[in-house]
2 protein chains.
Amino acid sequence: MFSRTVEYALRAIVQLAHVAPDVATTEQISAATQVPEPYLRKVLQALGRAELVTSQRGASGGVRLARGVEDLTILDVVNAVDPIERISRCPLDLKSHGDQLCPLHARIDHALSGIEEAFRNTTLAEVLSEPTGSTPLCDFSKE
Amino acid sequence: MFSRTVEYALRAIVQLAHVAPDVATTEQISAATQVPEPYLRKVLQALGRAELVTSQRGASGGVRLARGVEDLTILDVVNAVDPIERISRCPLDLKSHGDQLCPLHARIDHALSGIEEAFRNTTLAEVLSEPTGSTPLCDFSKE
DNA sequence: ATCGAATGGGACATCGATGTCCCATTATGG
DNA sequence: CCATAATGGGACATCGATGTCCCATTCGAT
């Protein structure tokens with residue numbers, strides 16, 4: 001349903017949020033999130049291009065959040081690596097009705113819209129401060 | 001977001017609903033839905049295994065809906081070919097908290113739940129009778 | 001009975017998502 | 001200035017989703 005890449009990106013961002021405003025190395029993030037390190041590189045690069053994180057090369061470098069957790073939504077992360085594709089035109093491309101969706105695709109798009117909205121309205125701060133007792137990402141028994 | 005297979009399956013089902021209770025051949029459905037015929041075969045076979053359609057071999061055979069449109073939801077179709085995978089355990093599999101999801105995954109799962117619910121509550125009958133002027137699937141200028 | 005129409009299903013082809021590897025580049029710290 | 005730590009990014013490997021092909025099987029019609 002959601003790509004693995006999205007899952008990985010969210011894990012990485014949450015992990016970075018935990019250590020914010022410090023930097024973390026790819027290796028550290030990989031260890032904490034159980035995302036294969038070489039692939040995590042790519043994901044972090046994508047997050048960098050989307051300007052959600054900034055990175056610093058060289059010794060004592062690493063990656064850090066580019067914004068505060070209050071100003072960073074799940075949707076931001078999703079859109080950075082694997083944007084939700086809304087349905088704006090009938091995929092069958094029949095001109096029967098201009099830009100109006102047939103009921104089937106209208107329903108599907110509406111469902112997508114619901115997800116988008118839910119993700120847009122959820123900031124990292126909310127996820128982190130949830131009073132569930134469970135820490136986001138589930139680990140940090142150490143740390 | 002949704003696999004192409006889901007899209008194809010929905011198109012096929014809608015098309016079958018249009019001609020119900022008659023049968024349609026794979027070739028006819030393919031033409032109406034613009035789904036590549038050989039692949040559509042596979043999709044229809046899956047729908048058959050899920051008992052959403054029944055098929056008849058041989059001359060004047062084909063495929064037809066196995067249920068009435070009132071009793072057939074979008075979720076049925078989706079689940080037949082590419083079930084929505086809810087998140088029931090933390091993917092990181094840390095024992096920190098038994099079966100409780102961390103806030104991040106709880107949010108994601110909640111979004112999935114919303115989709116599931118929306119699809120469960122939408123029957124084919126509703127999609128077909130929508131008073132939008134647009135016929136589902138967008139074609140049938142011919143009929 | 002036989003021919004042709006149609007699905008059943010296995011084998012194969014292609015393509016993009018996922019995952020790995022390697023080296024260039026950049027920064028820090030001694 | 002040099003060694004080392006780290007990211008940047010291109011090239012390649014793997015795997016599953018998608019798409020194609022072929023033939024066996026089944027049924028209807030003549």
Side-chain angles (χ1 to χ4, degrees), chain A residues 1-13 15-16 19 22-66 78-85 91, chain B residues 1-13 15-16 19 22-66 78-85 91:
Chain A
M1 196 61 194
F2 294 101
S3 72
R4 210 160 293 199
T5 305
V6 162
E7 166 77 19
Y8 291 169
L10 285 169
R11 287 191 205 173
I13 289 286
Q15 169 62 18
L16 283 170
V19 302
D22 291 345
V23 300
T25 68
T26 304
E27 193 180 6
Q28 290 167 337
I29 301 173
S30 168
T33 58
Q34 301 180 22
V35 176
E37 206 211 298
Y39 194 68
L40 181 59
R41 269 173 190 301
K42 303 302 183 184
V43 175
L44 288 172
Q45 285 177 12
L47 292 174
R49 282 189 293 271
E51 303 190 345
L52 299 190
V53 304
T54 59
S55 58
Q56 186 72 48
R57 285 185 174 186
S60 78
V63 179
R64 88 179 72 209
L65 288 190
V78 170
N79 278 340
V81 297
D82 197 359
I84 295 177
E85 294 179 36
Chain B
M1 196 60 192
F2 294 101
S3 71
R4 210 161 294 200
T5 305
V6 163
E7 165 76 19
Y8 291 168
L10 285 168
R11 286 190 206 174
I13 289 286
Q15 170 63 17
L16 284 171
V19 302
D22 291 345
V23 301
T25 67
T26 304
E27 192 181 6
Q28 290 167 340
I29 301 173
S30 168
T33 58
Q34 300 181 24
V35 176
E37 206 213 297
Y39 194 68
L40 180 60
R41 272 173 185 300
K42 304 303 184 183
V43 176
L44 287 173
Q45 285 178 12
L47 293 175
R49 282 188 292 272
E51 303 190 344
L52 298 190
V53 303
T54 59
S55 59
Q56 185 72 49
R57 285 185 174 185
S60 77
V63 180
R64 88 180 71 208
L65 288 190
V78 171
N79 279 339
V81 296
D82 197 359
I84 294 177
E85 295 179 34

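So you know, we letter chains A, B, ... as the sequences are listed, proteins then strands, and number each from 1. As the structure is a prediction and not an experimental result, all values here were calculated from the model.
- When each of dT18(D), dA6(D), dG8(D) is scored by its nearest atom to the side-chain atoms of Thr25(A), the top-ranked nucleotide is dA6(D).
- Side chain Lys42(B) to base dG10(C): a donor-acceptor pair is found below 3.5 Å.
- One finds no side-chain N or O of Ser60(A) lying less than 4.0 angstrom from the OP1 or OP2 phosphate oxygen of dA5(D).
- Taking atom CD1 on Ile29(A) and atom C1' on dT7(D), their separation rounds to 11 Å, with Å as the unit.
- Residue Ser55(A) places at least one side-chain N or O under 4.0 Å from the OP1 or OP2 atom of dG8(D).
- Shortest non-hydrogen contact noted between Val43(A) and Thr5(A) is CG2-CG2, 4.1 Å.
- Distances shorter than 4.0 Å separate none of the side-chain N or O atoms of Arg41(B) from OP1 or OP2 on dT20(D).
- The phosphate of dG19(C) has OP1 or OP2 within less than 4.0 Å of a side-chain N or O from Tyr8(A).
- Contact between the side-chain N/O atoms of Thr26(B) and the OP1/OP2 oxygens of dT7(C) is found at a separation under 4.0 Å.
- Between Arg11(A) and Pro91(B) the shortest heavy-atom distance is NH2-CB, 3.6 Å.
- Computed from coordinates, the Gln28(A) CD to dA5(D) P distance equals 13 Å when rounded to whole Å.
- Atom CG of Asp82(A) sits about 3.5 Å away from atom OG of Ser3(A), to the nearest 0.5 Å.
- Residue Ser3(A) places its side chain closer to dT18(C) than to any other of dA11(D), dT7(C), dT18(C).
- When heavy atoms are screened at a 4.0 angstrom cut-off, Gln56(A) is found touching the sugar-phosphate backbone but no base atom.
- Rounded to an integer number of Å, the gap from Glu37(B) CD to dA6(C) P is 10 Å.
- Heavy atoms of Gly62(B) sit under 4.0 angstrom from primed sugar atoms or phosphate atoms, though from no base atom.
- Rounded to whole Å, atom C1' of dT18(C) lies 12 Å from atom CG of Asp82(A).
- Look at CG on Leu47(A): it is 14 Å from P on dG9(D), rounded to the nearest Å.
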**OP:** Given side chain to side chain contact (heavy atoms under 4.5 Å, CB included), test Ile29(B) with Leu40(B) step by step and report yes or no.
**Re:** CA-CA 8 Å; Ile29(B) 301 173; Leu40(B) 180 60; 3.7 Å; yes

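- When the shell of 6.0 Å around CD of Glu51(A) is examined, it contains 12 or fewer heavy atoms from other residues, nucleotides or ligands.
- For Arg57(A), the listed nucleotide lying nearest its side chain is dT7(D); candidates were dC21(D), dG9(C), dT7(D).
- Atom CG of Leu40(B) and atom P of dA17(D) are 19 Å apart (whole Å).
- A donor-acceptor pair under 3.5 Å is absent between the side-chain atoms of Thr54(A) and the main chain of Ala66(A), judged by distance alone.
- The nearest whole Å value for the distance from the CZ atom in Arg4(B) to the P atom in dG16(D) is 19 Å.
- Rounded to whole Å, the distance from CD on Gln45(B) to C1' on dG10(C) is 10 Å.
- Set against dG19(D), dT25(C), dG4(C), the side chain of Tyr39(B) has dG19(D) as its closest nucleotide.
- At a threshold of 4.0 angstrom between heavy atoms, the contacts of Pro36(B) are confined to the sugar-phosphate backbone, with no base atom among them.
- The 5' end of DNA chain D is approached more closely, in terms of each residue's nearest nucleotide, by Ala59(A) than by the other of Arg49(A) and Ala59(A).
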